[in-house]
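What you see is a predicted model, and the numbers here were worked out from it, not measured in a lab.
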Amino acid sequence: QVQLVESGGGLVQAGGSLRLSCAASGPIFGRNDMGWYRQVPGKQRELVATFTRNGDTNYADSAKGRFTISRDNAKNTVYLQMDRLKPEDTAVYYCRLSGYLSVWGQGTLVTVSS
């Protein structure tokens with residue numbers, strides 16, 4: 001089974017930037033959709049951005065204009081560039097692979113201070 005490992009989370013001040021990485025254990029592009037989700041205590045997990053197998057990208061309204069999802073085929077890695085971060089962006093961010101199987105990473109914590 002393909003495994004996903006997220007990294008890049010941390011503490012940042014409001015208005016700052018972070019880049020999250022999701023490294024897959026094998027080739028994933030062309031056959032699977034990839035997505036970033038986030039979750040805070042007491043709230044349901046929500047979709048942030050997707051990168052489909054056909055190369056289309058989509059964003060939640062809260063992320064549109066501030067976040068960018070991209071990929072590096074050679075490294076089997078999906079990225080989430082987050083700019084102009086706000087305290088309400090604080091959450092655990094999860095990478096997801098969706099295709100024949102659905103696979104979730106373990107998550108990486110992003111904390112935005114005011």
Test item: Thr50 side-chain N/O and Thr52 main-chain N/O as donor-acceptor pair under 3.5 Å: no
Short side-chain to backbone donor-acceptor contact, Arg84 and Gly65, under 3.5 Å: yes
Short side-chain donor-acceptor distance under 3.5 Å, Asp83 and Ser17: yes
Verdict with supporting geometry, Asp89 and Arg38, side-chain contact (heavy atoms from CB on, under 4.5 Å): CA-CA 9 Å; Asp89 293 319; Arg38 66 187 181 189; 3.0 Å; yes
Smallest separation among heavy atoms of Leu80 and Val48, with atom names: CD2-CG1, 4.3 Å
Met34 with Val92, same ILVMFWY side-chain cluster at under 4.5 Å: no
Heavy-atom side-chain proximity of Asn32 to Arg53 below 4.5 angstrom: no
Over all atoms of both residues, closest heavy-atom pair of Ala14 and Ser114: CB-CA, 4.5 Å
Main-chain N/O of Glu6 paired with Tyr94 side-chain donor or acceptor, under 3.5 Å: no
From OG1 (Thr68) to CZ (Arg19), nearest 0.5 Å: 11.5 Å
Co-membership, hydrophobic cluster, residues Tyr93 and Val12, 4.5 Å side-chain: yes
same_hphob_cluster(Tyr59, Leu85) at 4.5 Å side-chain heavy-atom cutoff: yes
Between CD on residue Gln81 and OG on residue Ser21, distance to nearest 0.5 Å: 9.5 Å
Atom of Arg66, atom of Ser62 and distance for their closest heavy-atom approach: NH2-O, 2.8 Å
Stepwise side-chain contact (heavy atoms from CB on, under 4.5 Å) check, Ile69 with Val78: CA-CA 7 Å; Ile69 188 170; Val78 176; 3.8 Å; yes
Gln3 backbone acceptor or donor facing Ser25 side chain under 3.5 Å: yes
same_hphob_cluster(Val103, Leu20) at 4.5 Å side-chain heavy-atom cutoff: yes
For the student: nearest non-hydrogen atoms of Gly9 and Val110, plus distance: CA-CG2, 4.1 Å
Nearest atoms (heavy-atom pairs only) where Pro27 meets Asn76: CA-OD1, 3.3 Å
Leu47/Tyr37 under side-chain contact (heavy atoms from CB on, under 4.5 Å): CA gap, chis, key distance, verdict: CA-CA 4 Å; Leu47 177 67; Tyr37 293 72; 3.5 Å; yes
Minimum heavy-atom distance Gly8-Thr108, with the two atoms named: N-OG1, 4.2 Å
Common cluster, Tyr79/Trp36, ILVMFWY with side-chain heavy-atom separation under 4.5 Å: no
Within 6.0 angstrom of Gln39 CD, more than 12 heavy atoms from elsewhere: yes
